[in-house]
Amino acid sequence: MTEAAGPLLHHAVASWYADHGRDLPWREPECPAWGVYLSEVMSQQTPIARVLPIWQRWMERWPTPFDLASDTPGEAVRMWDRLGYPRRALRLWESATVMVERHDGEVPSEHADLLALPGVGAYTAAAVASFAFGDPHTVVDTNVRRVLARTITGQQHAAASLTVAETRLAERSMPGEVGEANAWNAAVMELGALVCTARSPACGECPVAHLCAWQLAGRPEQEGPPRRGQTWHGTDRQVRGRIVQLLRESADPVTRTAIAATWPDDESKVERCLAGLLEDGLAEQGTDGRYSLPS
DNA sequence: GACACGTGGCG
DNA sequence: TCGCCAAGTGT
């Protein structure tokens with residue numbers, strides 16, 4: 001099909017979701033908006049399987065924005081454990097503070113207020129508005145982009161970065177009715193996560209394979225240069241990760257010497273990374289010269 | 001638009 | 001083994 005999604009697609013995906021959608025705790029009707037909000041931030045660039053245990057721990061320890069805002073940002077980073085991109089924990093703490101100071105301690109329900117929170121971009125604002133508050137903003141994540149690229153556009157992969165055309169396509173693909181629109185957001189994302197996957201799509205189990213443009217075209221391999229893979233070994237990101245891990249696992253502040261030992265090969269690299277972490281607020285230096293997570 | 005930003009599992 | 005990839009955001 002070459003037009004935006006129609007009722008056939010909507011119904012097929014919704015029906016599939018009813019049978020195959022995962023029972024994630026933040027999808028329970030009684031889950032507070034705070035739980036939905038945490039799940040969305042934690043899920044950024046992160047597999048759900050790794051989010052689950054961390055989400056459970058956060059919800060037990062900090063069941064409301066007020067509880068998190070009352071603790072230290074360092075504890076947020078510590079509880080973040082190895083989820084990755086620990087600045088997200090910092091932003092979560094900052095956003096909890098904003099909720100306490102400006103939104104009566106609640107997750108704001110207005111899309112514009114959500115978007116203004118630190119660490120919240122187009123995707124997360126739309127997702128929280130739709131999933132937590134039933135306000136059907138168009139959710140466009142990597143799953144949605146891939147599903148639409150295949151079913152509607154007939155391409156194996158979405159563009160390297162989100163384009164205006166993709167956003168417009170996603171908007172046009174939304175059902176008109178509010179309830180259906182919110183259900184569509186969740187269902188199409190789930191389809192991309194479980195069936196219409198990037199590496200090896202399970203087209204044999206796809207509820208819309210019969211009207212998928214890419215499928216009908218014979219699932220052609222995408223031409224063009226492959227995405228450039230990001231290197232890892234020896235990068236600042238790896239060194240920063242080691243330093244934060246050390247700070248996380250230390251009950252007491254650590255010395256400069258201990259930090260230098262996390263990357264023995266290159267002292268200047270450690271120097272630069274530590275400075276970056278201090279700049280980012282992921283570390284701080286005490287009056288005795290030692291380092292710790294932010295207090 | 002290109003990059004930086006963590007981490008770990010999978011083919 | 002190693003590159004790809006996972007519910008992105010900020011600069």
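So you know, we letter chains A, B, ... as the sequences are listed, proteins then strands, and number each from 1.
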Can a donor-acceptor pair under 3.5 Å be found between the side-chain atoms of A:R87 and the base atoms of B:dC5?
-> no
Is there a donor N/O on one and an acceptor N/O on the other, under 3.5 Å, for the side chain of A:R237 and the base of B:dG6?
-> yes
For A:R82 and B:dG8, is the shortest distance between a side-chain N/O and OP1 or OP2 below 4.0 Å?
->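 Affirmative; the distance criterion is met.
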Residues from residues 90-103 of chain A lying under 4.0 Å of DNA chain B - heavy atoms =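 Contacts with DNA chain B under 4.0 Å: none.
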Residues from residues 25-60 of chain A lying under 4.0 Å of DNA chain B - heavy atoms | A:Q45, A:T46, A:R50
Is there a residue in [range] whose heavy atoms reach under 4.0 Å of DNA chain C, and which residues are they?
| range | value |
| --- | --- |
| residues 275-283 of chain A | none |
| residues 114-126 of chain A | A:P118, A:G119, A:V120, A:G121, A:A122, A:Y123, A:T124 |
| residues 240-256 of chain A | none |

Just compare B:dG11, C:dG8, C:dA7 and give me whichever is closest to any side-chain atom of A:Y85.
->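 Minimum distance to the A:Y85 side chain belongs to C:dG8.
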Pairwise side chain to side chain donor-acceptor pair (under 3.5 Å) hits with a residue in residues 122-135 of chain A, at least two apart |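 Qualifying pairs: A:E40-A:Y123, A:Q44-A:T124, A:S130-A:N182, A:S130-A:N185, A:D135-A:H137.
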Mind jotting down which residue pairs meet the side chain to side chain donor-acceptor pair (under 3.5 Å) criterion with at least one end in residues 69-78 of chain A? Sequence neighbours excluded, please.
-> A:R61-A:D71, A:R61-A:E75, A:W62-A:D71, A:E75-A:R78
Which side-chain N or O atoms in residues 191-217 of chain A pair as donor and acceptor under 3.5 Å with protein atoms at least two apart or in another chain?
from   : atom 1 : to     : atom 2 : distance (Å)
A:T197 : OG1    : A:S200 : O      : 3.1
A:H210 : ND1    : A:P207 : O      : 3.4
A:W214 : NE1    : A:P220 : O      : 2.9

Assign [X] to base, sugar-phosphate, or nothing according to its heavy-atom contacts below 4.0 angstrom with the strands shown.
| X | result |
| --- | --- |
| A:A198 | sugar-phosphate |
| A:R22 | base |
| A:T142 | sugar-phosphate |

Answer with yes or no whether the side chains of A:Y85 and A:T46 bring together a donor and an acceptor at under 3.5 Å.
->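 No pair is found: no donor N or O on one side chain lies under 3.5 Å from an acceptor on the other.
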Return a table of donor-acceptor pairs under 3.5 angstrom between the side chains of residues 273-295 of chain A and protein atoms on other chains or two or more places apart.
from   : atom 1 : to     : atom 2 : distance (Å)
A:D280 : OD2    : A:R87  : NH2    : 3.1
A:D280 : OD2    : A:R240 : NH1    : 3.1
A:D280 : OD2    : A:R240 : NH2    : 2.8
A:E284 : OE1    : A:S295 : N      : 3.4
A:E284 : OE2    : A:S295 : N      : 3.2
A:E284 : OE2    : A:S295 : OG     : 2.6
A:Q285 : NE2    : A:G289 : O      : 3.0
A:Q285 : NE2    : A:Y291 : OH     : 3.1
A:D288 : OD1    : A:R290 : N      : 3.0
A:D288 : OD2    : A:R290 : NE     : 2.8
A:D288 : OD2    : A:R290 : NH2    : 3.3
A:R290 : NH1    : A:P253 : O      : 3.4
A:Y291 : OH     : A:R256 : NH1    : 2.2

Partner residues of A:W26 under the ring-ring contact (aromatic ring centres under 6.0 Å, His included) criterion, sequence neighbours left out =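 Residues passing ring-ring contact (aromatic ring centres under 6.0 Å, His included) with A:W26: A:W55.
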NZ/NE/NH1/NH2 to OD/OE distance under 4.0 Å, A:R27 and A:E190 |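 Between A:E190 and A:R27 there is a salt bridge, with a charged N closer than 4.0 Å to a carboxylate O.
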Which residues share a side-chain hydrogen bond (donor to acceptor under 3.5 Å, both in side chains) with A:R91, sequence neighbours left out = none
For A:R150, enumerate each residue passing the side-chain hydrogen bond (donor to acceptor under 3.5 Å, both in side chains) test, keeping only those at least two apart in sequence or located in another chain.
->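 For A:R150 there are no side-chain hydrogen bond (donor to acceptor under 3.5 Å, both in side chains) partners, ignoring immediate neighbours.
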